[in-house]
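Working notes for the structure below.
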Amino acid sequence: KEAGSVEAPVPRVGVVVFVLKGKSVLLGRRRATICNSAFALPGGHLEFGESFEACAAREVKEETGLDIDNIEVLKVTNDLFHEGAEPSHYIMILLRAVLANPNQLPENLEPDKCDGWDWYEWDSLPRPLFWPLEKLLQDGFHPFLIV
Ligand SMILES: CC(C)CCOP(=O)(O)OP(=O)(O)O
Ligand SMILES: [Mg+2]
Ligand SMILES: [Mg+2]
Ligand SMILES: [Mg+2]
């Protein structure tokens with residue numbers, strides 16, 4: 001690339017996790033450029049060489065202190081965000097999981113990036129939601145086991 005040219009922004013991979021507790025899911029209000037103040041799932045950037053499941057467990061642990069089990073990939077979305085100074089493009093991998101210890105309580109380990117984690121009934125989720133999640137709900141998506 002010639003000197004002084006600016007790298008074109010490239011799509012990055014985001015991994016987000018439906019941590020399920022009965023019919024409830026763990027959400028936190030984001031404090032970040034992308035979707036600031038929207039309710040979002042725990043998760044974050046896939047790091048080099050990481051599996052989706054390992055990233056899910058790492059990000060949930062880093063952000064909430066929770067240990068998760070039965071981690072499985074549910075869905076992939078392709079999302080262009082226009083919130084920042086530059087648009088950002090994410091391939092988002094959505095996974096579901098359950099608590100390794102059902103009695104473990106979430107902690108807000110990144111208070112500069114999230115207002116706090118809480119459990120919300122699927123049928124009465126708080127708004128505004130992280131817009132890619134809202135879009136999935138409008139399309140009838142849900143993260144629960146079909147029994
Ligand atoms: C925007 C999202 C799909 C990917 C990035 O998630 P994030 O901002 O929570 O990232 P980190 O947890 O890695 O800081
Ligand atoms: Mg993170
Ligand atoms: Mg995150
Ligand atoms: Mg991260």
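Computed over heavy atoms, backbone and side chain alike; hydrogens, waters and symmetry mates excluded. Keep in mind the model is a prediction, meaning the values are calculated, not measured. Remember, it's 1-based here, ligands and their atoms both numbered in the order they're listed.
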Q | 2.8 Å cut-off met by an N, O or S atom of Glu62 to the Mg ion (ligand 2) | A | no
(Q) Taking 4.0 Å as the limit for heavy-atom contacts, which would you say applies to Glu63 with ligand 1: side chain only, backbone only, both, or neither? (A) side chain
Q) With a cut-off of 2.8 Å, does Lys113 place any N/O/S atom under that distance from the Mg ion (ligand 3)? A) no
Q) Does a side chain donor of either Thr33 or Glu83 reach within less than 3.5 Å of an acceptor in the other side chain? A) no
Q: With heavy atoms of Lys113 as the reference, note each atom of ligand 1 found under 4.0 Å away.
A: 11 (P), 14 (O)
Q. Should Tyr120 and Phe39 be marked as a ring-ring contact (aromatic ring centres under 6.0 Å, His included) after you check the CA-CA gap, both sets of side-chain angles, and the distance that decides it?
A. CA-CA 10 Å; Tyr120 295 92; Phe39 285 90; 5.7 Å; yes
Q. Which ligand 1 atoms does Gly44 reach within 4.0 Å, using its non-hydrogen atoms?
A. 6 (O), 7 (P), 9 (O), 10 (O), 11 (P), 12 (O), 13 (O)
Q | the Mg ion (ligand 3) to Glu63: nearest N/O/S atom name | A | OE2
Q) Is ligand 1 under 4.0 Å from a heavy atom in the side chain of Arg30, in the backbone, in both, or in neither? A) side chain
Q.
Is Glu110 close enough to the Mg ion (ligand 2) that one of its N, O or S atoms comes in under 2.8 Å?
A. no
Q | From CA spacing to verdict: salt bridge (charged side-chain N to carboxylate O under 4.0 Å, His left out), Lys61, Asp67 | A | CA-CA 6 Å; Lys61 185 73 179 168; Asp67 297 305; 3.1 Å; yes
**Q.** Arg96 (side chain) donor-acceptor with Pro143 (main chain) under 3.5 angstrom
**A.** yes
Q: Pull out every atom of ligand 1 sitting under 4.0 Å from any heavy atom of Met92, numbered as shown with elements.
A: 3 (C)
